[in-house]
Peer 1: 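Structure incoming, see below.
Not measured: the values here are computed from a predicted model. Residue numbers start at 1 and run along the sequence shown.
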Amino acid sequence: MNKRERISLAEVSRTTGKVLNRGDSEHLNEGAPPTLEDITQSLHFSPGDGRIWLNGQRMQLLHMSSLGSLRRELIESIGAERTRGLLTRVGYSAGARDAQLLRERWPDADPAALFSAGPRMHSLEGAVKVEALHFEFDVELGTYRGEFLWHHSGEGEVHAADFGIGTEPACWMQTGYAIGYTSSMIGRLTIYREIECCSMGHKHCRLIGKPADEWDNVEEDLRFLNAEAFVSTTAYSEPQAHRKAAILKGDDERPYADKEMVGVSPAFNAACHMLKRVAPTTATVLFTGESGVGKELFAYMLHQIGRRKGQPFVAVNCAAIPETLIESELFGVERGAFTGATVSRPGRFERASGGTLFLDEIATLSLVAQGKLLRALQEGEIERVGGVRSTKVDVRLVAATNVDLREEIRQGRFREDLFFRLNVFPIHLPPLRDRRDDIPLLMGYFMRHYGQKHQRRLTGFTARAVDALLNYHFPGNIRELQNLVERGVIYANEDGPIDLPHLFTSGEEAQASYFSLAQTGRLTSTTNAGSAATATLTPAAAGKELLDVLPAMLGEAKNWSLDTLESTLILAAVKRADGNLSAAARMLGLTRPQLSYRMKKLTPE
């Protein structure tokens, strides 16, 4: 860009919702909240007990020289490549967390103004001084372009001090921060590339950002977000560039080649590290976790990165097989063994011999079936139904369950000896609500995947759709997110964005904050799908409505003191949020620690 126009980032078109701005960091504190002053007021120092808080989250100051020492030691011990990946993921997590904090603290802020708060947070945290050269963010379409200068990059400066002027950019953590923040804000994986860096001798650092699927060779960027090589780096590339996994057919005769592992959150990476640790062995693995967290995908990937990847992978859903057929399905049947057995056929153990047998929902097996399975595992041989000879089988057993097997043992529904046979190497897969950093990546991946599948082109997600998905509880986990996005792809208009009404159409309760007109003509703030709370535009009108509803709230109480009103409002907000203190705090315009403090005063010692 040869010519820089210096215009405030606050210049947002209120009619179209579109931001087409160029500006510098001196103007970042102008316009709608959260301004730089608003964010600064959210920073609290508590030297008496050794804590620092930013928007209710604990922070810690770190000497830049100490960060430089850490980078140097990491590079010298594990190499620049792995260090870059590690620091990029740390930065991604920090950016995604800041985006979440800003959404919680200012739930009703203008989406463009809220997005612009990211550079202010980055500057406040001492990383860089941000100057926006070009900034395009279409709130309605969910599209984004950005070009920024970073002044006084601490990360670039310490790298240059330790290693001298180099030929590659070195602001790895800061680039990860920008990716995490932007992706979480717009609900679409956005990749930044640092094309100039002070560690390369440039006066400033300069980076450009746009959606991942609009970059060429984006796999080079994505691999630094993935802790393990088997996590997909091609999920956002062009279809013809996808890796072709070995087509191994499961029991439903479907190829697994289109299955991708996508994630960058600490909880997801921890599970990946455990998977990589056990994969080269032949140990039995037990996956636990709620329904929909991806246990079958992890089981398949365990097979793919193990020593048996060239052999069969056979998946069995134990819950889908009637008890009367489970023995013949697992062990096979000889001709004439029972009515209808006109031919001999192998069971799942024989078909998986030499490879991996995956038993999903194993807790649904009856006690009789559990006993027969235990014997097959102990002896390493099976006998077909109606057969007269035993057959040796060599399978790696992988099991999965969404219930607590120890509790099932206490209730007498699961055999303890089988549990200990299965529980050699347990891996717990976290629910989606514990890996929210992955939601923007998964949203973008599923939108692209189902757009290709159904031959539909979508531009992204609207701001309120992103807000709803990032705050949704996801009782169905990744499977539910997958279904919601597919539904949105089908409902949304061609070349348009996926909006909130396209997603939550089947009784889901979305935790989203947006404004609409009530039948009375007043502006209402909707916090849950289908439930709206009137928020009038003037304090006088709001006060009048509050007085109208107070008698119903207070019941027979005659004392309308401020303390009584405060306790009534707090308890009502907590009840409305179903006990979710963070959501209740947002309703009351408080931080979660502030609400907790006020609730403690309501509870007698």
Peer 1: Kindly indicate, with the supporting measurements, whether the criterion salt bridge (charged side-chain N to carboxylate O under 4.0 Å, His left out) is fulfilled by D360 and K295.
Peer 2: CA-CA 8 Å; D360 196 8; K295 295 186 286 291; 5.4 Å; no
Peer 1: Determine whether the side chains of T190 and Y181 contain a donor N or O and an acceptor N or O closer than 3.5 Å.
Peer 2: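 Checked: T190/Y181 side chains show no N/O donor-acceptor pair below 3.5 Å.
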Peer 1: Around atom CD of E379, are there more than 12 heavy atoms from other residues, nucleotides or ligands closer than 6.0 Å?
Peer 2: yes
Peer 1: Could you check whether any side-chain heavy atom of Y445 comes within less than 4.5 Å of a side-chain heavy atom of L441, counting everything from C-beta outward?
Peer 2: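 Y445 does not reach L441 side chain to side chain.
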Peer 1: Which pair of heavy atoms, one from A363 and one from T401, lies closest together, and at what distance?
Peer 2: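 What the structure gives for the nearest pair is CB-OG1, 3.7 Å.
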Peer 1: For residues R396 and T281, determine if any side-chain heavy atom of one lies less than 4.5 Å from a side-chain heavy atom of the other.
Peer 2: yes
Peer 1: Judged by atom type as modelled, is there a donor-acceptor pair below 3.5 Å linking the side chain of W215 to the main-chain atoms of I191?
Peer 2: yes
Peer 1: Are more than 12 heavy atoms from other residues, nucleotides or ligands located less than 6.0 Å from atom CZ of F420?
Peer 2: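 Yes, enclosed.
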Peer 1: So, does R188 use its side chain to make a donor-acceptor pair with the main chain of G444 at under 3.5 Å?
Peer 2: no
Peer 1: Apply side-chain contact (heavy atoms from CB on, under 4.5 Å) to the pair I179 and D221, showing each step before the final yes or no.
Peer 2: CA-CA 10 Å; I179 294 173; D221 306 270; over 6 Å; no
Peer 1: Answer yes or no: is there a donor N or O on one side and an acceptor on the other, between the side chain of S183 and the main chain of G180, under 3.5 Å?
Peer 2: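 Not confirmed, S183 side chain does not pair with G180 backbone.
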Peer 1: Looking at every non-hydrogen atom in both residues, tell me the closest pair between I570 and M599 and how far apart they are.
Peer 2: CG2-CG, 3.7 Å
Peer 1: Working to the nearest 0.5 angstrom, can you tell me the gap between E327 CD and K372 NZ?
Peer 2: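 It comes to 3.5 Å.
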Peer 1: Any sub-3.5 Å donor-acceptor pair from N269's side-chain atoms to V264's backbone N or O?
Peer 2: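 Indeed, once roles are kept as given, a pair shorter than 3.5 Å links the two residues.
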Peer 1: Is the shortest heavy-atom distance from the side chain of T356 to the side chain of V395 under 4.5 Å?
Peer 2: no
Peer 1: Could you walk me through whether L484 and F474 pass the side-chain contact (heavy atoms from CB on, under 4.5 Å) test, one step at a time?
Peer 2: CA-CA 10 Å; L484 287 173; F474 285 109; 3.9 Å; yes
Peer 1: For a quick test of reading the model, state the closest non-hydrogen atom pair linking M185 to R103 and the distance between them.
Peer 2: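 Shortest heavy-atom separation between M185 and R103 comes out as O-NH2, 2.6 Å.
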Peer 1: Between F313 and Y300, does the ring centre distance come in under 6.0 Å?
Peer 2: yes
Peer 1: Check step by step if side chain to side chain donor-acceptor pair (under 3.5 Å) holds for Q482 and H449.
Peer 2: CA-CA 10 Å; Q482 181 177 350; H449 175 76; 5.8 Å; no
Peer 1: Would a 4.5 Å heavy-atom cut-off, applied to side chains only, mark R410 and R406 as touching?
Peer 2: yes
Peer 1: Would you check if the side chain of Q370 reaches a backbone N or O of L365 as a donor-acceptor pair within less than 3.5 Å?
Peer 2: yes
Peer 1: Show your working on side chain to side chain donor-acceptor pair (under 3.5 Å) between S291 and R479 and close with a plain yes or no.
Peer 2: CA-CA 8 Å; S291 178; R479 184 183 294 118; 3.0 Å; yes
Peer 1: If you look at every heavy atom in E383 and S390, which pair is closest and at what distance?
Peer 2: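 Where E383 meets S390 most closely, the heavy atoms are OE1-OG, 3.7 Å.
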Peer 1: Show the numbers, then the answer: is there a side-chain contact (heavy atoms from CB on, under 4.5 Å) between D417 and R415?
Peer 2: CA-CA 6 Å; D417 47 4; R415 295 182 57 127; 2.7 Å; yes
Peer 1: Taking 4.0 angstrom as the limit, do R435 and D438 come out as a salt bridge?
Peer 2: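 A salt bridge is present here (some side-chain N lies under 4.0 Å from a carboxylate O).
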Peer 1: Say whether E407 and Q411, considering side chains only, have a donor N or O and an acceptor N or O under 3.5 Å apart.
Peer 2: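 Per modelled atom types, E407 and Q411 side chains form a pair under 3.5 Å.
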Peer 1: Which pair of non-hydrogen atoms, one from L286 and one from L405, has the smallest distance, and what is that distance?
Peer 2: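 Nearest heavy atoms, L286 then L405: CD2-CD1, 4.0 Å.
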Peer 1: Less than 6.0 Å separating the ring centroids of F331 and F349?
Peer 2: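 Centroid separation for F331 and F349: below 6.0 Å.
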Peer 1: Quick one: does R348's side chain have a donor or acceptor within less than 3.5 Å of a partner on L330's backbone?
Peer 2: no
Peer 1: Between atom CD1 of I409 and atom CG of D404, what is the distance when rounded to the nearest 0.5 Å?
Peer 2: 8.5 Å
Peer 1: Around atom CZ of R457, are there more than 12 heavy atoms from other residues, nucleotides or ligands closer than 6.0 Å?
Peer 2: no
Peer 1: Hey, could you give me the CD/CG distance between E323 and L367, rounded to the nearest 0.5 Å?
Peer 2: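 The CD atom of E323 sits 9.0 Å away from the CG atom of L367.
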Peer 1: I'd like to check V231 versus V262 (side-chain heavy atoms, cut-off strictly below 4.5 Å). Are they in contact?
Peer 2: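 No, their side chains stay 4.5 Å or more apart.
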Peer 1: Under 3.5 Å, is there a donor on one side chain and an acceptor on the other for N477 and E290?
Peer 2: yes
Peer 1: Enter the distance from I478:CD1 to F268:CZ here, rounded to the nearest 0.5 Å.
Peer 2: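 It is 7.5 Å, given to the nearest 0.5 Å.
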Peer 1: With heavy-atom distances below 4.5 Å as the criterion, would you say the side chains of V285 and I427 are in contact?
Peer 2: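 Side chain of V285 against side chain of I427, heavy atoms only: contact under 4.5 Å found.
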Peer 1: Taking NZ, NE, NH1 and NH2 as the nitrogens, is one of them in R384 or E350 under 4.0 Å from a carboxylate oxygen of the other?
Peer 2: yes
Peer 1: Find the distance between CD1 (I439) and CG (L481) and round it off to the nearest 0.5 Å.
Peer 2: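 I439 CD1 to L481 CG: 7.0 Å, rounded to 0.5 Å.
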Peer 1: Would you call R345-E329 a salt bridge at under 4.0 Å N-O?
Peer 2: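 So R345 pairs with E329 through a salt bridge.
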Peer 1: One thing to verify: whether D499 and R464 come together as a salt bridge, which I'm taking to mean a side-chain N less than 4.0 angstrom from a carboxylate O.
Peer 2: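 Looking at D499 together with R464, the answer is yes, because their closest N to O distance falls below 4.0 Å.
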Peer 1: What I'd like to find out is whether the side chain of R97 reaches to under 4.5 Å of the side chain of D437, using heavy atoms alone.
Peer 2: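 R97 reaches D437 side chain to side chain.
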Peer 1: Short question: side chain of N471, backbone of D467 - any donor-acceptor pair under 3.5 Å?
Peer 2: yes
Peer 1: What's the shortest heavy-atom distance between E296 and A315, and which atoms?
Peer 2: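 Nearest heavy atoms, E296 then A315: OE2-CB, 3.9 Å.
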Peer 1: side-chain contact (heavy atoms from CB on, under 4.5 Å) for T284 and V398? Distances and angles first, verdict last.
Peer 2: CA-CA 6 Å; T284 300; V398 180; over 6 Å; no
Peer 1: Answer yes if the side chains of Q311 and H303 hold a donor-acceptor pair under 3.5 Å, and no otherwise.
Peer 2: no
Peer 1: Find out whether M443 and L469 are in side-chain contact, i.e. whether some heavy atom of one side chain is under 4.5 Å from a heavy atom of the other.
Peer 2: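 They are in side-chain contact.
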Peer 1: For E494, does the CD atom have more than 12 heavy-atom neighbours from other residues, nucleotides or ligands under 6.0 Å away?
Peer 2: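 It does: E494 CD has more than 12 such atoms within range.
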Peer 1: Step through it carefully: locate the ring centre of Y472, locate the ring centre of F504, and say whether they are under 6.0 Å apart.
Peer 2: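 Yes.
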Peer 1: CZ of R307 to OG1 of T282: how many Å apart, nearest 0.5 Å?
Peer 2: 8.0 Å
Peer 1: Output yes when a side-chain donor or acceptor of S93 lies under 3.5 Å from a complementary backbone atom of R89, and no otherwise.
Peer 2: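 Checked: no pair found.
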